[in-house]
Amino acid sequence: MDSQDAPLSHLNDEQRAAVLALHGPVLVVAGAGTGKTRTITHRIAMLIREGVAPSAILAVTFTNKAAREMRERVERLVGRGGVRVGTFHGFCASFLREEFPVIGRSGDFSIYDEGDSLALMKKVVEELKLDPAQTRPVDLRRAVGRWKDRFMTPAEAAQASTFGQHAIEARAYALYDANLVAANACDFDDLMIQALRLLLDHEVVRLRWQKRISHVLVDEFQDTNPIQYALVRTLSAPGGNLCVTGDQDQSIYSWRGADPGNFDNFLNDYPSARIVKLERNYRSSANILGAASRLIAHNKRRIAKTLRTQAPAGEAVRVVVFNDDSEEAAAVADAAQTAIREGAQPDEIAVFYRTNSLSLPVERALLARGVRYRVVGGLEFFARAEVKDLIAWLRWMSNRQDTVSFERIMNTPPRGLGDAAVERLEAIAAERGVSLPVLCADATAFGSLPERTRKAALAFCKLIHQLETELQAGRGVRAFAEELLELTAYSAWWATKASKAGSLDPFGNIGQFLTLAGEYDGTRGGRLADFLAEISLLTDLDRTVDDGPAVNLMTLHTSKGLEFDQVYIVGVDQSILPHVWAELEDRDDEEERRLLHVGMTRARQRLVLCAAQLRSRFGQTTVTGPSALLDELGRDGVERFGDESPRRDPRPFKQRWRDNSGDDNWASDASQCDDGEDHPLAALREGSRVFHQDFGAGEVLTVRGHQMGLERKVVVLFDGNQRRTLILRHSGLTLLDT
DNA sequence: CCCTGCTAATCCACG
DNA sequence: ATTAGCAGGG
């Protein structure tokens with residue numbers, strides 16, 4: 001693909017302009033499929049040819065996979081490596097590994113994923129003596145996240161929130177942050193925040209990196225948040241050699257703080273910036289591009305941009321409305337199977353969906369037909385209990401301050417150090433002013449404990465020192481992990497535990513993890529801390545194992561940046577795309593439209609959009625019907641199949657949700673909606689007296705499920721002490737006056 | 001102290 | 001439909 005010697009050949013005029021704008025600020029507006037990666041790659045190659053040291057170039061990509069590809073392509077072009085290519089998180093992690101000592105923190109810090117972060121927040125809730133039911137750790141973490149996105153310190157958050165719930169959240173933020181520092185850990189947000197703070201507050205650090213890096217390139221600029229933008233702006237400040245590339249029509253991460261307004265900010269911050277627009281699409285057939293363009297044209301807040309192509313019309317874009325999701329899944333699986341039989345590469349076929357849960361019916365259908373597939377992301381390998389345990393062990397061995405990991409492994413496998421023992425040990429630790437992990441490594445500290453606990457603690461202490469010796473031996477991550485599994489007796493414990501649960505391959509995941517560690521030892525030096533950092537920062541895409549040709553299943557979000565010959569998008573239903581939450585949270589649905597647009601523009605030759613009238617969700621069947629977005633595709637080169645009269649609720653979504661609590665639907669039982677409050681059982685509450693034909697009179701104990709939900713359940717204590725759980729709709733209960 | 005079985009709560013996208 | 005949290009028995 002890339003020419004060996006002429007960096008400018010195979011580029012069109014627009015692309016060439018972007019490549020040749022070597023220095024100073026550059027904004028490349030690159031629509032889907034316009035050869036953005038090729039342009040960036042050539043630009044890097046050009047910089048190197050012009051004498052810029054590879055290590056002085058920093059290119060930030062969205063996934064490690066994209067980074068790898070870019071690195072390889074640059075190497076092929078210029079015959080040398082050394083360019084810094086990686087994700088924001090990856091760059092910040094290596095930056096902090098080097099620079100944390102400047103503020104007295106160890107470079108061997110732990111990186112907490114969402115689960116770890118939540119575990120820490122649970123601890124904070126306990127410490128603050130809050131009721132976890134009323135103040136949920138997830139909500140607190142979300143609130144903290146909002147402050148972090150705005151680069152606010154706990155002190156600033158406290159200042160801005162002096163009343164009520166916000167004040168509680170601010171206190172939680174302060175405690176959460178203090179705990180992170182004490183554990184020498186960073187959550188994902190912290191990686192960027194800490195890096196930026198170091199750059200802004202410490203001139204030595206800033207000058208060091210500004211000297212080191214002369215040119216910065218950012219891919220997918222529309223999905224960067226203000227902190228990330230500040231980071232690259234600071235790094236590139238002396239020369240102003242900042243080149244950003246992106247497409248506002250592909251901005252789909254506002255929910256995690258990305259600010260598409262970055263484009264305007266960039267133009268304000270760099271008035272002299274050169275702007276290059278790439279509008280020639282080389283990926284999709286004319287029909288696909290046409291439908292995608294008509295869809296996105298419905299967004300009001302966008303800079304008009306016209307993608308052109310010289311490709312032939314190709315086959316028509318198909319919109320198919322099925323009766324239900326299993327029909328939909330069967331049709332997609334059939335299509336995939338047929339295509340493969342006719343010679344298509346399985347890898348070139350993809351199925352996209354809005355939410356991970358939608359993959360299940362498709363998976364079942366593919367499985368039934370024997371079509372190989374891989375689910376990108378979704379149920380995560382690294383979220384498996386045994387993998388998390390092992391990682392927690394390794395992490396704590398690498399960072400002894402890591403309390404979250406320590407609390408996970410302290411009694412895993414069980415060694416007689418349960419809740420009661422932990423409380424006693426914590427008391428001693430507090431008394432001596434040391435942390436729990438430090439205390440446990442000190443055999444002299446257990447004198448006052450009850451005999452049984454003392455013995456358990458001593459044995460644990462001995463184990464820790466044994467493991468330490470093993471780690472010192474430095475025989476690589478894999479060898480150490482294997483030794484750890486034996487010494488801690490984890491293998492034996494897990495084997496019995498898993499066999500009781502009926503697992504066929506209890507060591508499957510552990511084996512896979514060891515293989516991963518072995519590969520790492522072989523290629524990248526076998527340092528435990530680096531290995532841990534690397535695996536913490538893998539994206540869904542990077543995590544997916546490539547074991548042979550297979551059809552690709554993934555969310556629309558994950559599909560960004562990829563392309564396939566054939567794309568099937570399932571679940572283009574109302575309330576799924578746009579998703580209910582988008583409307584409930586009062587977010588505009590322009591982002592949902594962009595999301596569909598991203599998915600559509602991944603397709604080269606074939607694009608099929610599927611919807612269903614009925615879809616089972618939460619284990620129940622609800623009416624959804626085709627999304628209104630499907631009406632916006634126009635007619636040119638679009639063929640429609642299935643129900644011509646979609647069952648679509650005419651009411652605005654918010655009202656529909658409020659009235660039906662989202663669980664019910666208007667079409668399956670219209671009377672329920674219309675007579676709402678007049679329903680004979682609408683007044684039923686806890687404590688109501690009811691009558692049942694078989695069980696007689698009784699009192700309602702609990703009511704579960706939504707107000708008008710199909711599956712609303714009631715628990716009734718009938719006179720005579722008989723307790724029954726009934727499905728309200730089918731119970732035949734009548735309400736008695738009291 | 002550990003395990004089992006049950007109830008109750010959650011369910012959007014991601015590094 | 002899946003899972004986290006909890007009460008109660010071994």
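Any value given below was found using the heavy atoms of this structure, including those in side chains, with hydrogens, waters and symmetry copies removed. The model shown is predicted, which means the values in this text are computed figures rather than measured ones. A note on names: the letters A, B, ... follow the listed sequences, proteins ahead of strands, and every chain is numbered from 1.
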When all nucleic acid strands are considered with a 4.0 Å heavy-atom cut-off, which category describes [X]: base, sugar-phosphate, or nothing?
X	result
A:S536	nothing
A:D189	base
A:N64	nothing
A:K122	sugar-phosphate
A:Y253	sugar-phosphate

### Between A:T624 and A:D573, a side-chain donor and acceptor under 3.5 Å
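A:D573 and A:T624 do have a side-chain donor-acceptor pair below 3.5 Å.
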
### A:H557 or A:L417, whichever maps to the more 5' nucleotide of DNA chain B
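Nearest-nucleotide comparison on DNA chain B picks A:L417.
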
### Query
Mapping A:R424 and A:F62 to their closest nucleotides on DNA chain B, which lands nearer the 5' end?
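Of the two residues, A:R424 wins.
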
### Task
Kindly determine whether A:K65 and A:L562 satisfy side chain to side chain contact (heavy atoms under 4.5 Å, CB included), including the steps that lead there.
CA-CA 10 Å; A:K65 188 184 177 218; A:L562 305 176; 3.8 Å; yes

### Task
Among B:dC14, B:dG15, B:dC12, find the nucleotide with the atom closest to the side chain of A:T558.
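Looking only at side-chain atoms, A:T558 lies closest to B:dC14.
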
### Inter-nucleotide C1' distance (C:dG5, B:dC12), Å rounded
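So the two C1' atoms sit 24 Å from each other.
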
### B:dA13 and C:dA4, which share atom name C1', separated by this distance in whole Å
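Each nucleotide's C1' atom is 23 Å from the other's.
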
### Query
Would you call the rings of A:F460 and A:W393 parallel, tilted or perpendicular if under 30° counts as parallel and over 60° as perpendicular?
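Rings of A:F460 and A:W393: perpendicular, as their planes differ by over 60°.
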
### Query
Under 6.0 Å between the ring centres of A:Y253 and A:F62?
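Judged by ring-centre distance (under 6.0 Å), A:Y253 and A:F62 do meet the cut-off.
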
